[in-house]
Amino acid sequence: VQLQASGGGLVQAGESLRLSCAASGTIFSIYAMRWYRQAPGKQRELVAGITSGGIPNYADSVKGRFTISRDNAKRTIDLQMNRLKPEDTAVYYCNADVQPTATVFGTFKYWGQGTKVTVSS
């Protein structure tokens, strides 16, 4: 299973970016999918998650500014980031709970390679 993240870049404070993450490989089912971020010198933190049924949850720091969505048919999640702040600067990683085959009971967590977001003031 591979997760490919894209969409990072350099923007000014107040602007928007949209991150995407696509899952591929041997996949029977994908359960929760998430976006994490890790700023320089800080621990990785959960930004947003979404269940297979489309129920989202957000870190308090991004509520009202970020929106997570998923397309189960395409096996993708997006993170629409609006009103970006310098403190949103980080490498963003997607993460998914995947059941690889129908005969494997349980899920495995997979990580994407990360996409860098830099917000200048």
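As the structure is a prediction and not an experimental result, all values here were calculated from the model. Heavy-atom basis, side chains included; hydrogens, waters and symmetry copies ignored.
Nearest heavy atoms, Ala48 versus Leu79: CB-CD1, 4.2 Å. Across every non-hydrogen atom of Gln99 and Ala102, the tightest pair is NE2-O, 3.9 Å. Scanning both residues, Gln113 and Ala5, for their nearest heavy atoms gives NE2-O, 2.9 Å. The heavy-atom pair separating Lys116 from Thr118 by the smallest distance is CE-OG1, 3.7 Å. Of all heavy-atom pairs spanning Ala13 and Ser121, the tightest one is CB-CA, 4.4 Å. Taking both residues in full, the closest heavy atoms of Ser20 and Asp78 are given as OG-OD1, 2.8 Å, listed atom of the first, atom of the second, then distance.
By the criterion of side-chain heavy atoms lying less than 4.5 angstrom apart, applied directly or through intervening Ile, Leu, Val, Met, Phe, Trp or Tyr residues, Leu46 is not grouped with Ile50; the two fall into different hydrophobic clusters. In terms of hydrophobic clustering, with Ile, Leu, Val, Met, Phe, Trp and Tyr side chains grouped at heavy-atom distances under 4.5 Å, Ile27 and Leu3 are assigned to a common cluster. Under a hydrophobic-cluster definition in which Ile, Leu, Val, Met, Phe, Trp and Tyr are linked whenever side-chain heavy atoms come within less than 4.5 Å, directly or via other members, Val1 and Trp35 are assigned to the same cluster.
Arg37 has its side chain within reach of Ser61: a pair of non-hydrogen atoms, C-beta onward, lies under 4.5 Å apart. Within the 4.5 Å cutoff, no side-chain heavy atoms of Asn72 are placed close to those of Ile30. Side-chain atoms of Ile77 and Cys21, non-hydrogen and from C-beta on, do get closer than 4.5 Å to each other. A heavy-atom distance below 4.5 Å is not found between the side chains of Arg70 and Pro56. Residues Val62 and Met81 are not in side-chain contact: their nearest non-hydrogen atoms beyond the backbone lie 4.5 Å or more apart. Side-chain contact between Leu84 and Glu15: absent, with no pair of heavy atoms (C-beta onward) separated by less than 4.5 Å. Considering only heavy atoms from C-beta on, Val47 stays 4.5 Å or farther from Asp88 through its side chain. Contact of the Val117 side chain with the Leu19 side chain is registered, since non-hydrogen atoms from C-beta on lie closer than 4.5 Å.
At distances below 3.5 Å, not a single donor-acceptor pair connects side-chain atoms of Asn95 with backbone N or O atoms of Lys109. Although no hydrogens or angles enter the test, the distance criterion places a donor-acceptor pair under 3.5 Å between the side chain of Thr89 and the main chain of Val119. Side-chain atoms of Tyr58 come within 3.5 Å of backbone atoms of Ile68 as a donor-acceptor pair (strictly under, hydrogens ignored). Remark: side-chain polar atoms of Arg83 are paired, donor with acceptor, to backbone N or O of Gly64 under 3.5 angstrom. In this structure, the side chain of Arg44 does not engage the main chain of Tyr93 through any donor-acceptor pair within 3.5 Å. At distances below 3.5 Å, not a single donor-acceptor pair connects side-chain atoms of Gln38 with backbone N or O atoms of Ala90.
Using cut-offs of 30° and 60° for the angle between ring planes, the Tyr92 and Phe66 rings count as tilted.
The hydrophobic cluster analysis finds Phe105 isolated: no Ile, Leu, Val, Met, Phe, Trp or Tyr side chain comes under 4.5 Å of it, directly or through other members.
The side chain to side chain contact (heavy atoms under 4.5 Å, CB included) test with Asp97 is passed by exactly one of Phe108, Tyr31, Tyr110: Tyr31.
In this structure, Thr76 OG1 and Gln4 CD are separated by 13.0 Å, a value rounded to the nearest 0.5 Å.
A salt bridge links Lys63 and Asp60; the closest N-O separation between the charged side-chain nitrogens and carboxylate oxygens is under 4.0 Å.
No hydrogens or angles considered: a donor-acceptor pair under 3.5 Å links the side chains of Asn82 and Gln80.
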